[in-house]
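Here is the structure we will look at.
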Amino acid sequence: MVISQQLLVDATNIGCSYRNGQTDVVALESATCKIKPGDKIALVGPSGSGKSTLLQILGGLEIPTKGSITWPLLGERNVLRPVHISFIFQMPSLLAPLSVIENVEIPLLLNNVEANKARAEAMNALERLEMHRLANKLPEELSGGQAQRVAVARALAGKPKLILADEPTGQLDHPTANFMMDTLLSNINESGAAIVVATHDSEVAKRFDSKWHMHRGRLEEEDI
Ligand SMILES: Nc1ncnc2c1ncn2[C@@H]1O[C@H](COP(=O)(O)OP(=O)(O)OP(=O)(O)O)[C@@H](O)[C@H]1O
Ligand SMILES: [Mg+2]
């Protein structure tokens with residue numbers, strides 16, 4: 001039995017619908033879930049089943065239209081990002097006018113880390129992803145897969161307590177996807193962070209301790 005105060009995320013019967021003209025589109029029907037420090041969770045389910053919507057609610061980017069969600073170990077919604085929770089998005093998410101290294105150091109600077117230290121930590125994160133040679137490039141000069149690796153470096157740089165990754169390997173070939181998952185998982189083992197990864201790739205899902213299934217907007221949990 002897990003005591004609520006020891007949880008990173010405690011969500012009960014959360015749901016989310018969007019108004020589309022005269023009708024409501026239900027993106028998330030119902031999800032009840034808990035995330036503890038160090039949890040490694042794969043979130044699987046068909047396209048449109050609500051994975052991205054759930055991740056956005058878990059990270060406080062989206063407010064659920066029903067149910068309740070709290071972050072007992074982290075605090076209120078307004079302090080979650082960029083300090084405690086970091087995202088790796090499904091879509092390209094680097095800021096176009098900033099160089100690779102500037103993109104990676106943003107969460108650190110927003111967290112008031114001193115500029116020299118932020119630069120060093122950002123470079124260290126890029127090295128872990130073997131992207132340091134591209135530190136001064138602009139996002140438009142990168143391939144989709146390289147940009148995704150930079151997004152992973154940015155997510156790791158601030159040493160968050162929880163990483164929410166939305167199909168982080170979707171644009172990568174298998175060797176690069178494996179390398180990225182190795183890097184993500186070894187960093188997480190070191191830092192004790194929890195991670196939830198939405199993925200369509202069963203090879204990726206296999207590497208996680210538990211698997212959450214989404215089906216038509218509903219979440220079911222299952223231990224692998
Ligand atoms: N902002 C929005 N406005 C209206 N409908 C939305 C919005 N976001 C998501 N939806 C709808 O909610 C449902 C769930 O979408 P979601 O993006 O969460 O699915 P997903 O499981 O992440 O799919 P995929 O595997 O394709 O990324 C879909 O039917 C989608 O069209
Ligand atoms: Mg999605």
Side-chain angles (χ1 to χ4, degrees), residues 2 7-36 38-71 74 77 80-81 85-93 144-145 147-148 151-152 155 160-174 176-178 180-181 184-185 188 193-224:
V2 184
L7 294 172
L8 292 169
V9 185
D10 189 2
T12 306
N13 197 23
I14 50 172
C16 185
S17 27
Y18 296 100
R19 194 85 192 143
N20 188 356
Q22 300 289 26
T23 51
D24 277 338
V25 180
V26 179
L28 182 65
E29 180 78 39
S30 173
T32 294
C33 55
K34 299 178 193 312
I35 303 174
K36 302 187 299 300
D39 275 354
K40 297 188 190 70
I41 299 154
L43 179 61
V44 300
S47 185
S49 59
K51 302 182 297 297
S52 296
T53 307
L54 177 59
L55 287 182
Q56 282 165 20
I57 295 173
L58 295 178
L61 284 179
E62 192 78 64
I63 297 176
T65 46
K66 70 162 192 168
S68 78
I69 180 162
T70 56
W71 296 269
L74 304 179
R77 187 188 314 278
L80 298 177
R81 283 164 291 102
I85 299 184
S86 63
F87 274 89
I88 303 164
F89 291 100
Q90 189 168 10
M91 301 292 181
S93 62
Q148 196 61 333
V152 172
K161 306 264 186 346
L162 172 62
I163 295 177
L164 300 169
D166 201 346
E167 298 184 32
T169 58
Q171 306 203 35
L172 306 179
D173 58 36
H174 264 287
T176 314
N178 277 332
M180 186 209 273
M181 289 315 303
L184 251 181
L185 290 170
I188 283 161
I195 186 166
V196 185
V197 173
T199 182
H200 285 282
D201 185 337
S202 57
E203 290 300 312
V204 171
K206 265 195 223 158
R207 305 184 59 170
F208 288 76
D209 298 337
S210 45
K211 210 193 256 183
W212 291 357
H213 288 269
M214 295 284 315
H215 187 65
R216 296 194 179 171
R218 290 188 175 274
L219 174 69
E220 303 148 19
E221 288 181 40
E222 172 203 297
D223 287 328
I224 291 176

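In this chain, residues are counted from 1 in sequence order. As a basis for the values below, the full set of heavy atoms in this structure was taken, side chains included, without hydrogen atoms, waters or symmetry mates.
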Determine the minimum heavy-atom distance between [X] and [Y], stating which atoms define it.
X      : Y      : value
Ala198 : Lys51  : CB-CB, 4.1 Å
Gly145 : Leu172 : CA-CD2, 3.2 Å
Cys16  : Glu62  : SG-CG, 4.1 Å
Pro168 : Val197 : CD-CG1, 3.7 Å
Leu80  : Gly60  : CD1-CA, 4.1 Å
Leu219 : Thr32  : CD2-O, 3.9 Å

Nearest-0.5 Å distance, [atom1] of residue [X] to [atom2] of residue [Y]:
X      : Y      : atom1 : atom2 : value
Ile188 : Ile163 : CD1   : CD1   : 4.5 Å
Leu185 : Arg207 : CG    : CZ    : 5.5 Å
Thr169 : His174 : OG1   : NE2   : 8.0 Å
Thr53  : Leu58  : OG1   : CG    : 10.5 Å
Lys66  : Leu28  : NZ    : CG    : 8.0 Å

Qualifying residues under salt bridge (Lys or Arg N to Asp or Glu O under 4.0 Å), relative to [X], sequence neighbours excluded:
X      : answer
Asp10  : Lys34
Asp166 : none
Arg218 : Glu29

Any [X] side-chain heavy atom under 4.5 Å of [Y] side chain:
X      : Y      : result
Ile85  : Trp71  : yes
Asp39  : Asp209 : no
Arg77  : Ile63  : yes
Met181 : Glu203 : no
Cys33  : Ile41  : no
Phe87  : Leu164 : yes

Ser17 backbone acceptor or donor facing Thr65 side chain under 3.5 Å: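 Yes, the answer is positive, given that a donor and an acceptor are paired below the 3.5 Å cut-off.
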
Lys211 side chain vs Val44 backbone, donor-acceptor pair below 3.5 Å: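 Not confirmed, Lys211 side chain does not pair with Val44 backbone.
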
Can you list everything that forms a side-chain hydrogen bond (donor to acceptor under 3.5 Å, both in side chains) with [X]? Sequence neighbours excluded, please.
X      : answer
Asp173 : Thr176
His200 : Glu167
Asn178 : none

Audit row: Asp24, Arg19, side-chain contact (heavy atoms from CB on, under 4.5 Å) steps and yes/no: CA-CA 5 Å; Asp24 277 338; Arg19 194 85 192 143; 3.0 Å; yes

Whether over 12 other heavy atoms sit under 6.0 Å from Arg216 CZ: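 12 or below, so no.
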
Single hit among Ser30, Ser68, Pro64 for side-chain contact (heavy atoms from CB on, under 4.5 Å) with Ile14: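 Result for side-chain contact (heavy atoms from CB on, under 4.5 Å) with Ile14: Pro64.
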
